[in-house]
> 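After the structure tokens below, expect a handful of questions from me.
Chain identifiers are assigned alphabetically (A, B, ...) following the order of the sequence lines, protein sequences preceding nucleic acid strands; residue numbering begins at 1 within each chain.
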Amino acid sequence: DALLGCHRSYRSRPTHGIGRFQHLLPKEVPKRKKEKVQMKEISEGTEYQYGDLNIQMTSYDLCLVEHFAQYVHRLCNRLSIRVNESYAMPTKTNEVLFLEERGSKMQLDAVLTTHQRVVQIRGLSSTFAPILLEIIQSSQPEGVHLLMKQHTEADFKSRLKSRPELEELLAEMS
Amino acid sequence: LCYFSSCSSWLPQSVPLRGSHWQSSLLEFRTSLPVRAQPKKKKKVDVKKEQAQRERMKKRLKKLEKAAPELIPIEDFITPLKYTESNRVRSLPALSPEESERRVLLLKKWCLFKQKQDEAEKKAINALVESQQEALKELRLESEELYQAAVRRDEGLFPFERDGPTYTPPLPGYDPPEGKCVDITKVYTQ
């Protein structure tokens, strides 16, 4: 249409499209709209490969868990294991109350925050899995609880905000 | 006509009688057949109201479903305001040349130590992989069936859980004080 847009269109002549310039300008990147949080496809894996796996690290100590997550991520990069995502789960806060020796009142002992980091990998081969587990276990720091499990939709949904109004309406409709 | 009026007398009294032909069941007292002659106005308005209500609910549902679900914000990554408001600046003392020399040498020693650690880890991984491959080769020569079974993925491996090592072993005979844990995590709703 750039060729036909101009009023001088002698298509048979060799000078056709002489005034074209739009194709020479640098490509304008279209404005990116806000990306909707959508669940990515969960792969099941074949007989010789595991699908999406979640390596979840939980601890009370934030620095330890962050550094361990970074270490695991770099290890997977070095061993050319595909890392889908590496994210943090929301922190949980717990208030620890204990009963005084002489008295019936509960006294506040401490406020503990539990931090969790997740590294999601895909395509781990069945022969290499025990080796990776061994390496991660040998470098597990103190107080960090390790959990490896397959990724499910419920895991993804636990990261999203709850919508009580939507649920109420759905319950009313059905 | 006289038969209808005296029907109650010649029937055996064991069967409970219906008061009127509108009363549907013999056992319960208040049930009655759906009355057909209802004023028509009420019915139409009810149906319309119900339909309007349902449409309003559907509209609200559509609106809520259109909004994309949001991720829960993570408190770890949000610096509390009290650390950004104050203008406190830390003044560090000047380092003597011996001290800075000592620190640089310590840093170099640490780098070397970490490098050795990393190399040892890489060597360990390579050794493990090699020995595994050799074992699988030997197994293949032994029997093809066992080899195929060994190469398959292990379903019982996941989920895998392990607690990190502790600085000290648990104290024997420790009596913890009674108490409870209260979860005070902030619940975010959209």
> Taking the side chain as every heavy atom from C-beta outward, state whether B:Glu121 and A:Leu75 have any atom pair closer than 4.5 Å.
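Sidechains of A:Leu75 and B:Glu121: in contact.
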
> Looking at B:Glu65, I want to see if its CD is surrounded by more than 12 non-hydrogen atoms of other residues, nucleotides or ligands under 6.0 Å.
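Enclosed: over 12 neighbouring heavy atoms sit under 6.0 Å from CD of B:Glu65.
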
> Relative to chain B, which segment of A:Thr113 carries a heavy atom at a distance below 4.5 Å: side chain, backbone, both, or neither?
neither

> Select one option (side chain, backbone, both, neither) describing which atoms of A:Leu146 are under 4.5 Å from chain B's heavy atoms.
both

> If you measure from OH on A:Tyr48 to CZ on B:Arg152, what distance do you get to the nearest 0.5 Å?
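Here the interatomic distance stands at 4.5 Å.
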
> Identify the two heavy atoms, one from B:Pro177 and one from A:Phe98, that lie closest to each other, and give their separation to 0.1 Å.
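Nearest pair, atom of B:Pro177 first, then A:Phe98: CB-CD1, 4.4 Å.
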
> Please flag which part of A:Val144 lies under 4.5 Å from any non-hydrogen atom of chain B: side chain, backbone, both or neither.
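A:Val144 touches chain B through backbone heavy atoms alone.
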
> Take atom CD of A:Glu134 as the centre, draw a 6.0 Å sphere, and report whether it contains more than 12 heavy atoms from other residues, nucleotides or ligands.
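No, because the 6.0 Å sphere around CD of A:Glu134 holds 12 heavy atoms or fewer from other groups.
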
> Taking side chain as everything from C-beta outward and backbone as N, CA, C, O, which of these in B:Ala150 sits under 4.5 Å from a heavy atom of chain A? Side chain, backbone, both or neither.
neither

> Mark yes when over 12 heavy atoms from residues, nucleotides or ligands other than B:Glu178 sit less than 6.0 Å from its CD; otherwise mark no.
no

> Find the distance between CZ (A:Arg117) and CD1 (B:Ile74) and round it off to the nearest 0.5 Å.
7.0 Å

> Whether the B:Glu155 and A:Tyr50 side chains hold a donor-acceptor pair (N or O, under 3.5 Å, no angle test) is what I'd like checked.
no

> Once you round to the nearest 0.5 Å, how far does CZ of B:Arg162 lie from CE of A:Met148?
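One gets 13.0 Å once the value is rounded to the nearest 0.5 Å.
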
> Among A:Leu170, A:Leu132, A:Leu53, which has the most heavy-atom pairs under 4.5 Å with chain B?
A:Leu53

> Can B:Tyr147 be reached from A:Phe128 by stepping across I, L, V, M, F, W or Y side chains whose heavy atoms are under 4.5 Å apart?
no

> Select, from A:Gln150, A:His145, A:Lys149, A:Lys92, the one with the greatest count of heavy-atom pairs under 4.5 Å involving chain B.
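If we count pairs closer than 4.5 Å to chain B, A:His145 comes out on top.
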
> Would you mind telling me which of B:Gly164, B:Pro73, B:Ala67 has the largest number of heavy-atom pairs within less than 4.5 Å of chain A?
B:Gly164

> Taking CD in B:Glu144 as the centre, count heavy atoms belonging to other residues, nucleotides or ligands within less than 6.0 Å. Is the count above 12?
yes

> Atom CZ in B:Phe77, atom OG1 in A:Thr91: separation rounded to 0.5 Å?
9.0 Å

> Relative to chain B, which segment of A:Met89 carries a heavy atom at a distance below 4.5 Å: side chain, backbone, both, or neither?
backbone

> Is chain A contacted by the side chain of B:Leu128, its backbone, both, or neither, given a heavy-atom distance below 4.5 Å?
both

> Let me know if B:Arg60 has heavy atoms under 4.5 Å from chain A in its side chain, its backbone, both or neither.
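B:Arg60 touches chain A through backbone and side-chain heavy atoms alike.
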
> May I ask you to name which of B:Thr166, B:Val151, B:Asp76, B:Thr189 has the most heavy-atom pairs under 4.5 Å with chain A?
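Option with the greatest count: B:Asp76.
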
> Atom OG1 in A:Thr93, atom CD in B:Glu75: separation rounded to 0.5 Å?
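Here the rounded value is 5.0 Å.
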
> Supply the atom-to-atom distance B:Gln132 CD to A:Ile131 CD1, rounded to the nearest 0.5 angstrom.
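Between atom CD of B:Gln132 and atom CD1 of A:Ile131 there are 4.0 Å.
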
> Surrounding OH of A:Tyr60 (heavy atoms of other residues, nucleotides or ligands, distance under 6.0 Å), is the total greater than 12?
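Atom OH in A:Tyr60 is not packed in, count stays at 12 or less.
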
> Report yes if the side chains of A:Asn94 and B:Ile184 come closer than 4.5 Å at any heavy-atom pair, otherwise no.
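SC-SC contact between A:Asn94 and B:Ile184 ruled out.
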
> Give, as side chain, backbone, both or neither, the part of A:Leu112 having an atom under 4.5 angstrom from any heavy atom of chain B.
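Neither part.
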
> For atom CG of B:Leu105, is the number of surrounding heavy atoms from other residues, nucleotides or ligands below 6.0 Å larger than 12?
yes

> For B:Gln117, does the CD atom sit with more than 12 other heavy atoms under 6.0 Å from it, leaving out its own atoms?
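Buried by this count: over 12 neighbours within 6.0 Å.
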
> Under 4.5 Å between any side-chain heavy atoms of B:Leu64 and A:Arg163, yes or no?
no

> If you count heavy-atom pairs under 4.5 Å with chain B, which of A:Ser158, A:Pro141, A:Pro130 comes out on top?
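That would be A:Pro141.
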
> Non-hydrogen atoms of chain B under 4.5 Å away: do they reach the side chain of A:Tyr71, the backbone, both or neither?
side chain

> Check whether A:Ile121 and B:Leu157 end up in the same hydrophobic cluster, where Ile, Leu, Val, Met, Phe, Trp and Tyr are linked by side-chain heavy atoms less than 4.5 Å apart.
yes

> Side chain from CB out, backbone as N, CA, C, O: work out which of these in A:Glu66 comes under 4.5 Å of a heavy atom of chain B, or both, or neither.
side chain

> Name the member of B:Leu136, B:Val187, B:Val129 that forms the most heavy-atom pairs with chain A at distances under 4.5 Å.
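Most heavy-atom pairs under 4.5 Å with chain A: B:Val129.
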
